[in-house]
Each structure stands twice: as C-alpha cells, then as structure tokens.
Amino acid sequence: MQHILRLFILLVGLFAGVGSYAADAAPKLTTPDDLGPQIEQPIEFPHFRHAGDAKDGGMQINCMYCHTYARRSMVAGIPPVQKCIGCHQSIESVRDKPRIKKLFEYWEAKKPIPWKKVHDLPDFVRFNHERHIQRFYFQQDRPYQEVCGYCHGDVKKMTVARRQKPLTMGWCASCHMKDHPISAHSTKTGHGPNDCFTCHK
Amino acid sequence: MKENDFNRRDFLKVLGWGGTAVALSGCGNTSIQDGQEIVTSYVTLPSYVIPSIANYFNSTCAQCDAGCNIMGRVREGRVLKAEGNPNSPINRGKMCGLGQSGVQAHYNPDRIRQPLLKGQAVTWEAALGAINDKLNGVKGEQVAFLTGGMSGHVQALFGNYMDALGSKNHFSYEAISPAVLRVANKKAYGMAMPRYRIDKARVVVSFGADFLGAWVSPVNFAQQYAQFRKGTRPEGRGVLVQVEPKMTLTGANADSWIGIRPGTEGMLALGVINALGSAGIKLPADIAAAVKDYTPERVGVNTGVPFERINKLATLLKERSPSLVLAGDAAEGYVNGSQNALAIAMLNHVLGNVGKTVEAAASVPFPQIAPTVGSRSSLNKLNDGLAAGKYKVVFSYGANPVFSAPAAMKFKDNFVKADFKVAFAQYLDETAQAADLVLPLDSAMEDWGTVVPEYMAAPEGSDADTYAQMSFRQPLMQKLYPDTRGVGDILLALLKQRKADEYKDFEDFYSYLHNAVLKNKVALGGKTTDDDDIFWDETLSKGIVPLKGVAGSVSAKMSAADLKLSPATGTDTNYPLRLIPAVSASMRDGRNANEPWLQESPDPLTTVVWDSWVEIHPKTAAKLGIAEGDIVEVASKSGSIKSQAYLFPGIHPDAVSVPVGYGHEGMGRYAKGVGANVFSILDPVFEQETGELALNETNVKISKTGQRVIIVKEEGPLGGSQDGRPKIAVQVQADKVDLSKEV
Ligand code: SF4
C-alpha cells in the first residue's frame with residue numbers, strides 16, 4: 001500500500017510539473033505568475049520618480065541616461081555612483097531624504113552600492129542589450145519605454161525593479177519567431193535569430 | 001536503502017512515462033535567479049570603460065626573456081587574455097603559447113600570499129625587519145645576489161641596493177640560455193647578439209637552433225620564418241636545413257633534417273667549408289688551412305652524415321646566397337661547444353652573410369637598464385662560494401637553481417649553508433622552499449617595470465642600426481591579494497633601510513619609475529616642452545619606447561686562429577647512450593610549469609601531455625626490447641630518473657632525449673610530481689672555454705623497470721591514423737623510417 005502511495009505522490013508531482021510547463025508554453029503578457037520576487041535593495045531606488053511621467057510626478061528621464069551602456073554593450077549597466085552624485089549634488093531639496101543620505105554615504109566612503117541583480121539569466125545564456133536597442137529603438141523608432149518594457153515591464157511605475165516577464169527560453173523564442181518590421185521606414189519584415197549559438201556560446 | 005526513500009525503480013518508471021515533459025518543465029523559471037547575485041557597479045568610471053566591452057592596455061610579456069610587447073585585454077577590471085602588440089618590432093602583434101599562459105601565472109591558485117619566515121606567515125614589517133637584523137654586522141662581500149636575467153629599472157634598483165650593502169656579488173643565472181653562443185658570437189662577429197635576418201636569407205642552415213620553438217626570440221623568428229617561406233618574396237621561397245641529433249619543432253619544419261652524431265656539429269661546418277672551397281668559393285688562406293683536413297669523406301665518417309649530403313649542402317649554400325647559418329643549443333651543449341659555435345659562425349663569414357643576414361644590433365644608451373644576461377657559469381661561482389661558506393646572506397630573485405642545477409653540484413646543500421636566504425617569489429618553488437624568508441611577489445600583470453630585451457629586433461627602415469627599445473610593464477588589473485608586493489616596491493623599502501634620505505621622495509616603485517622616466521624625457525623621445533602628464537600617459541599607452549641606441553658593428557672578417565676544434569667526447573661502454581635534455585616551446589626551463597595550459601598543450605612532436613617522456617629511436621628500442629609506454633630508468637653517473645618510453649624516429653640512434661622543466665618537487669599543484677627532473681641527473685661536465693654546464697655531455701644507460709603505462713598523448717595509437725578513418729597518407733612503420741635519408 002505504501003508503495004502505491006509513493007508512486008502516486010511522484011505522479012502528482014510530475015503532472016504538476018507538466019502542467020506548469022504547458023502554462024509556460026504559450027507566453028503571455030505580464031501575469032502575477034511571471035512576477036519575480038520582491039527584492040530588497042540597499043537603497044530603495046524610486047524608478048517612478050526618475051522615469052515616471054510628468055503627470056505622475058516623474059521626471060521622464062530616458063532609461064538610457066542612467067543605463068547608458070544598453071545601446072552599445074551587452075549589458076545595460078548599473079550607473080556608477082558618480083552618475084547619481086552628478087545630479088544629486090545640486091538637488092538640494094531632497095538632500096536630507098534618508099535614501100539620498102545613504103547614497104552620499106556610499107559616495108563619501110568611495111564604496112560601490114551592492115545592488116542585487118534582478119534580471120539574472122543563467123550563465124549559459126548570452127543576452128545582448130545592444131542588439132535589441134539598436135533594432136527596436138534606433139531602427140524601428142519605437143519609444144524607449146516600450147522597447148525596454150518588452151522585457152522589463154513598466155519600470156516607470158515601479159520603485160525598485162521587479163521582474164515582470166518569465167525570461168525563459170520559450171518566452172524569448174516566442175518573440176523571436178514573430179515577424180517584425182526591419183525598420184521604421186520599411187515594409188519588410190524579419191524575425192529574430194533562431195540559432196542555438198546566438199545565445200548559447 | 002532506508003525505509004522512507006523512494007524506490008529508485010519507481011522513480012525511473014515515472015521518468016519513463018513522462019521523461020520528456022519533466023525535462024522540459026526543467027527549463028522553467030527555476031533557473032532565473034532573482035536577487036541572488038550582487039551586481040557591483042563602479043564608484044567612478046573613466047569614460048572609455050564600457051562594461052562588457054574590453055579595453056586593451058599595453059604591457060610586456062614576462063614569460064620568457066624575449067620580452068615581447070603585449071596588450072592585455074581587460075574587462076570589468078579583470079585581465080582576460082593577452083595579445084601581441086602590433087607595433088612591436090619584436091613580436092609584431094603575435095605571441096606564443098607560453099606567453100598566452102601568462103594569465104595563469106597571474107590567476108594561479110598556488111601563488112604565495114603572505115611573507116613567510118621559516119614557513120610561518122608574518123607581516124611585511126616583520127619580514128623587512130628580519131632582513132635588516134640579519135644584515136647587521138654582515139660585510140658587503142658576505143652578501144650574494146642570485147637573479148635570473150634582468151633589465152630595466154628594477155635592475156637599476158637591485159644595483160643600488162647592492163651598492164648600499166657594499167656587495168659586488170651578483171650572480172645572474174639562467175638554466176637554459178645561449179651563453180656559449182654569446183661568447184662565440186663575440187669572437188666571430190664582434191657582438192654577442194647580432195640580428196639574424198631569416199627573412200632575408202634564401203637558405204637557412206640551423207645547427208640545432210630551435211628558432212620556431214624555444215630559441216632566443218621565437219615569436220620574432222617565427223614571423224621572419226613566415227616571410228622566408230613565401231614564394232612571392234623577391235628572393236623566392238627559402239629552404240631550411242636543420243642539423244641536430246634530436247628533432248626540434250624547427251627541425252620538423254625543415255626541408256631537410258640531418259640527424260647528426262651528437263657533438264660533431266662544428267666538424268660538419270668545417271666539412272661544408274672544405275666542400276665550399278672545392279666547389280670554387282674563395283677561402284681566406286688561414287681558413288683554407290684550418291679546414292684542409294676536414295674533407296667531406298672524413299667528416300662524413302665522424303659525423304655520421306653521408307659525404308654526398310655534405311657536398312649537396314655546400315652546393316645549396318653556394319647557389320643560394322645570401323644564406324644564414326645558425327648555431328643553437330644542440331651545437332653548444334658540449335665540452336667543445338664554443339668551438340662548434342665558432343666553426344658554424346665561420347660558415348657565415350665564408351659565405352659572405354655577415355652584414356647581410358647577420359646584422360649589427362644597437363644597444364640601449366643607458367647601461368644601468370641594459371640587460372644582464374644569465375648563464376650557468378655564474379651559478380658555479382656562487383655554488384663554490386656557498387660551499388666555502390663565503391656568503392652569510394643570499395637574496396634570490398627569478399632563479400630556481402635548487403630545481404635546475406644538476407644534483408651532482410649539491411647546490412641545495414651549499415645554499416642552506418648560508419645563514420639567511422631571502423627568496424622573492426611568486427610560488428613556493430624548490431629554491432623558495434629552501435629559503436628562510438619568502439617575499440611574495442605581485443604577478444607580472446600587477447606590477448610595474450621596464451624591460452630591455454637582449455635580442456634587439458628593429459623595425460624596417462633606415463635607422464634600424466641605431467634602433468633600441470625599452471618596453472613598459474604596467475599593471476593590467478588591481479592586485480588579487482593585498483599582501484603581495486612588486487619587486488621594485490620591496491627593493492625601495494630595503495633601500496630606505498639603508499639610505500632613507502636618498503629615497504624618501506619615492507613613496508613606491510611607481511613614483512620612482514615615473515620620476516626616472518620624466519627626468520629622461522628627452523632621451524626617451526619627448527621634447528622639453530611636452531607636458532609631463534601627457535608624455536607619461538602617451539608613453540604608457542604605447543608600451544614601447546624607441547630609443548636612439550648605440551650602433552654596433554659586426555666584424556667583416558674572422559680569423560681561423562681562434563678555432564681549435566677538439567674532437568667530440570666519446571661514449572662510455574657502461575653508459576652507451578647520449579642524453580639530450582630537450583627544451584620544449586611551452587615548458588622551456590620549467591619556471592612556468594605550474595600553469596596548467598602548458599602541461600595540457602601537447603608537445604608539438606610527440607603530442608604527450610602532463611608528463612615527461614624518454615625519446616628513443618625505434619631501432620635502439622628494438623635492441624633493448626623497449627616498447628612505447630614502458631617505464632624505463634635513465635641512469636647516468638650522477639643519478640637516475642624514471643619515465644615513459646616514447647619511440648621516435650627523429651632522434652639519433654645513439655641518443656635519448658628527455659624534456660626539461662618537469663619533475664618539480666614544489667611550486668604548486670600543477671607542477672609538483674608531474675614528470676621527472678632530467679636536470680638532476682646531468683653530469684657536471686663543463687664547456688671548456690666558458691665554464692657553462694655542457695648540457696649534452698651526459699651519457700646514460702637505459703633499462704626497463706617492468707612497469708608499463710598507456711601514454712597520454714594526442715596522436716592516437718598508430719601515430720596519426722585516426723580511429724576508423726581512412727589513412728591520409730601512406731604510413732611507414734616507425735622503425736622503418738630513417739629520417740636522415742628522407743628528403
Ligand atoms: S616568446 Fe612567448 S613567452 Fe617569450 S616573451 Fe614572447 S610571447 Fe612571451
């Protein structure tokens with residue numbers, strides 16, 4: 001009897017597994033299931049204040065003002081502390097806010113801020129920001145918030161970033177299989193590369 | 001099996017039903033890790049740094065003495081790889097495998113991380129204090145300095161420190177160096193290290209100079225060789241003849257390989273001169289007289305090279321001018337080594353190559369930074385002094401004689417006689433282990449320095465005869481360990497113990513170097529009006545400082561008076577085989593043996609990895625009943641080693657060869673206990689004029705131990721035929737090949 005029970009537990013586990021796979025198989029827009037965990041950061045960075053729309057009290061700063069490498073490098077880059085200070089040293093009004101105080105503490109100690117990585121792909125995956133930004137932002141002329149949002153969600157409404165998409169291979173492939181216009185001024189379309197070695201090298 | 005464990009068979013059953021699905025669901029979110037890793041951004045960042053995109057910084061390779069100029073590929077603050085600097089006249093943008101392994105010297109897990117006093121970790125203060133104490137009451141002549149080859153500003157500081165201590169005992173030691181050649185060249189050409197122009201020669205005859213593998217400046221020569229082999233060259237495609245008892249990488253590339261009897265290279269050269277005379281080349285009277293007795297027939301008998309081949313070689317040299325004749329390790333390593341080299345150099349004179357393919361090289365205008373080259377004769381002097389108890393304090397840097405001196409010299413026993421031995425070391429190698437105080441060094445990728453190469457290659461151009469250069473070594477990344485120090489920094493600290501006032505302005509070696517370079521701005525190619533900072537930055541970013549060197553000249557004539565070729569030493573009936581210690585392109589003298597890439601890269605000829613081996617001619621092996629993989633004992637009068645037998649037709653039947661550099665007893669996990677140390681069994685026989693250890697003068701006997709192994713090698717069981725694939729070329733059984741008859 002115990003034997004049957006054990007087998008049963010295994011089977012249930014298996015079908016649960018298959019079930020979750022089936023759910024992943026058809027990627028969809030953000031659902032609570034795709035949400036990554038809430039991550040505590042050393043400084044609770046308010047993305048909405050920086051990138052948010054003016055009507056919501058944001059400053060509408062382009063994502064690539066801070067994540068400046070996204071258009072020319074594999075990684076988008078976390079801005080050096082110097083960059084934060086560059087603006088904040090002349091923004092007296094918020095100087096006494098706890099978060100800014102903390103920022104200046106790091107700066108004065110010349111210590112980097114140990115940010116937690118939110119979008120951390122496994123080491124065998126090579127994702128290239130530059131290719132995506134060049135294609136969608138520069139060639140297709142899409143708005144930057146939309147382009148970054150394909151993978152990162154609506155960051156301009158967040159405080160610290162939280163993963164919004166599954167970032168699984170099936171999810172990547174679902175977009176790569178779609179036809180996209182080659183550029184803003186062309187009717188030609190093409191899809192993303194489908195070769196294993198493009199991402200696994 | 002425990003009661004509650006799932007039964008393995010059940011598990012497999014389930015997996016069988018839905019294995020694919022399970023495997024696929026494994027690709028789900030599980031491998032995305034949110035918030036696990038820390039992404040450390042910079043505090044400040046120079047504008048040229050873009051994360052994930054590499055920057056290149058120029059520096060200088062420290063893996064051998066050729067001093068190739070390199071660029072370190074640096075990404076996110078870590079050095080990842082080295083490339084050749086394309087503006088270097090030495091290596092012109094290329095590097096060798098040994099150089100590539102430099103990153104493994106830097107990231108090596110066995111680096112020493114703290115000063116060690118009698119094996120105990122101590123602070124730098126304590127370490128430097130101990131040196132100061134031990135020097136108390138010790139006279140200058142009781143202090144000895146043992147170093148490898150050196151140059152540049154570190155050498156200048158060493159000199160200053162020696163002066164401060166009043167010591168004149170500098171022993172510069174290299175286990176493998178062209179020391180005999182330097183002396184012979186000085187006599188023959190008037191300069192120790194002329195420029196060899198392989199690229200201009202129509203034929204090169206190399207007497208055991210492995211210039212594509214391990215000789216002098218291999219990357220430079222390999223590039224010249226590429227030119228030399230081009231059919232589109234105005235001189236046409238060059239012909240290479242290699243004469244040596246054991247085939248080297250260069251020998252394997254030659255059009256014709258002559259497996260000569262060991263030690264008779266000089267005689268062959270004289271035979272060729274004789275044959276050239278008969279063929280109508282006008283010989284100066286003294287040279288004609290000197291070679292009169294060396295008829296090809298007689299030389300043929302002595303060297304084992306058929307006299308027809310000698311005549312053929314003479315014809316080839318006569319018809320294809322200019323040519324170049326090189327004398328390398330294989331010709332030098334005998335009692336009559338310098339005579340061999342001299343006889344070979346004479347060929348260049350007779351053929352009119354001097355001035356054409358043997359060019360004068362310039363030297364640097366600052367003697368303090370000019371290279372001090374190492375040799376083995378200096379080790380003999382140090383060893384004698386140590387044995388006599390002359391030295392109380394010994395400093396050792398960049399040399400490992402406890403490993404590379406023949407056991408018969410008893411170097412270690414003599415070394416430990418000194419009261420206090422200080423080793424500057426990156427690894428706990430054999431010499432560092434025998435030292436009382438070990439000072440951990442920065443790696444060459446963390447340290448500052450300048451290098452002046454011994455072999456001074458020049459770019460093409462009219463001022464090539466006054467071209468000399470100094471190369472910069474700069475840190476390619478921050479230190480990995482907080483408690484290692486640069487050799488220059490240590491020397492400065494030691495100098496401050498003696499002459500605090502003179503050195504008080506220099507906080508560290510960087511400031512010393514910075515100051516020394518800016519003081520000589522004009523001599524280093526700047527203008528007095530140049531801004532100091534800009535000049536410094538530009539100099540560093542180029543990595544190469546061309547200097548207006550002191551032009552040398554090569555002597556157009558050579559007299560035969562110096563030449564008294566003594567016959568090669570005979571064999572010994574008890575020890576019937578000649579041992580040839582081989583220098584491989586990646587292992588060289590073994591100082592880099594703890595870099596696993598070098599152990600892992602197959603020897604170019606035998607393809608063996610991670611071990612030493614004994615090369616035996618198949619005929620000799622058949623006589624002794626030895627098959628590949630037999631563990632054999634190689635015994636000389638001075639000791640014995642055991643290693644695996646490898647049958648190889650590219651060796652004289654009366655010789656066996658074992659690569660040097662293996663068989664470390666210390667150093668680190670990748671070097672220790674791998675292979676056997678052939679240096680240890682060399683007989684203490686010395687070259688008669690220079691006092692260099694005659695590396696090829698050891699006779700050995702070989703016996704089977706009864707053990708066998710399967711050799712770990714790349715080439716596969718049949719020497720190249722790949723399992724199951726059709727043979728690419730007709731195969732000749734190894735014991736049927738006679739390479740001396742091929743071509
Ligand atoms: S020959 Fe090789 S090891 Fe020697 S300096 Fe050049 S690159 Fe480095």
Side-chain angles (χ1 to χ4, degrees), chain A residues 2-3 6-7 9-11 13-25 33-34 36-41 68-69 72-83 106-107 109-122 124-125 128-130 162-163 166-170, chain B residues 1-56 73-78 80-81 107 477-480 482:
Chain A
Q2 220 191 359
H3 181 82
R6 265 190 254 134
L7 202 57
I9 295 173
L10 267 176
L11 280 172
L14 171 72
F15 287 116
V18 174
S20 77
Y21 170 70
D24 286 351
D33 288 339
D34 295 328
Q38 198 59 267
I39 287 161
E40 208 176 304
Q41 297 285 9
T68 170
Y69 310 114
R72 48 200 168 135
S73 160
M74 252 181 68
V75 297
I78 304 292
V81 186
Q82 188 184 25
K83 184 144 221 163
Y106 280 108
W107 172 245
K110 291 282 169 277
K111 281 230 166 69
I113 305 171
W115 299 108
K116 289 269 173 47
K117 209 164 176 181
V118 174
H119 301 88
D120 190 5
L121 296 182
F124 51 82
V125 182
N128 191 329
H129 279 89
E130 179 187 2
R162 182 172 179 189
R163 182 164 57 72
L167 304 189
T168 57
M169 180 170 143
Chain B
M1 177 171 274
K2 273 190 280 154
E3 187 37 34
N4 275 334
D5 276 352
F6 282 115
N7 187 317
R8 180 171 167 273
R9 200 183 293 159
D10 286 349
F11 184 71
L12 288 181
K13 244 187 261 169
V14 173
L15 207 63
W17 293 340
T20 333
V22 170
L24 280 174
S25 71
C27 288
N29 273 348
T30 48
S31 50
I32 311 281
Q33 298 181 316
D34 298 317
Q36 302 291 310
E37 279 180 24
I38 285 176
V39 40
T40 311
S41 69
Y42 293 83
V43 177
T44 57
L45 193 60
S47 58
Y48 58 81
V49 175
I50 298 178
S52 102
I53 294 177
N55 289 299
Y56 290 82
R73 178 164 179 257
V74 180
R75 226 190 70 189
E76 277 110 64
R78 289 175 74 83
L80 301 180
K81 189 175 182 295
Y107 290 114
M477 67 178 275
Q478 283 199 339
K479 284 206 249 188
L480 288 171

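In the text below, chain A, chain B and the rest are named by the order of the sequence lines, each starting its count at 1.
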Inset, instruction - Against chain B, label Ile78(A) side chain, backbone, both or neither, depending on which of its atoms sit under 4.5 Å from a heavy atom there. - result: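 It is both, since atoms from each part get that close.
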
Inset, instruction - Check whether Arg162(A) gets within reach of chain B through its side chain, its backbone, both or neither, counting any heavy atom under 4.5 Å. - result: neither

From [atom1] ([X]) to [atom2] ([Y]), nearest 0.5 Å:
{"X": "Leu45(B)", "Y": "Lys83(A)", "atom1": "CG", "atom2": "NZ", "result": "9.5 Å"}
{"X": "Ile50(B)", "Y": "Met74(A)", "atom1": "CD1", "atom2": "CE", "result": "13.5 Å"}
{"X": "Thr40(B)", "Y": "Lys111(A)", "atom1": "OG1", "atom2": "NZ", "result": "12.5 Å"}
{"X": "Glu130(A)", "Y": "Ile53(B)", "atom1": "CD", "atom2": "CD1", "result": "6.0 Å"}

Of all the heavy-atom pairs spanning [X] and [Y], show the shortest one and how long it is.
{"X": "Asp120(A)", "Y": "Glu37(B)", "value": "OD2-CD, 3.6 Å"}
{"X": "Pro80(A)", "Y": "Ser41(B)", "value": "CA-OG, 4.3 Å"}
{"X": "Lys116(A)", "Y": "Gly35(B)", "value": "CD-O, 3.3 Å"}

Legend entry - Other residues, nucleotides, ligands: >12 heavy atoms within 6.0 Å of Glu40(A) CD: no

Inset, instruction - Ignoring hydrogens and angles, tell me if any N or O in the side chain of Ser73(A) forms a donor-acceptor pair with the backbone of Pro51(B) under 3.5 Å. - result: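 Checked: pair present.
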
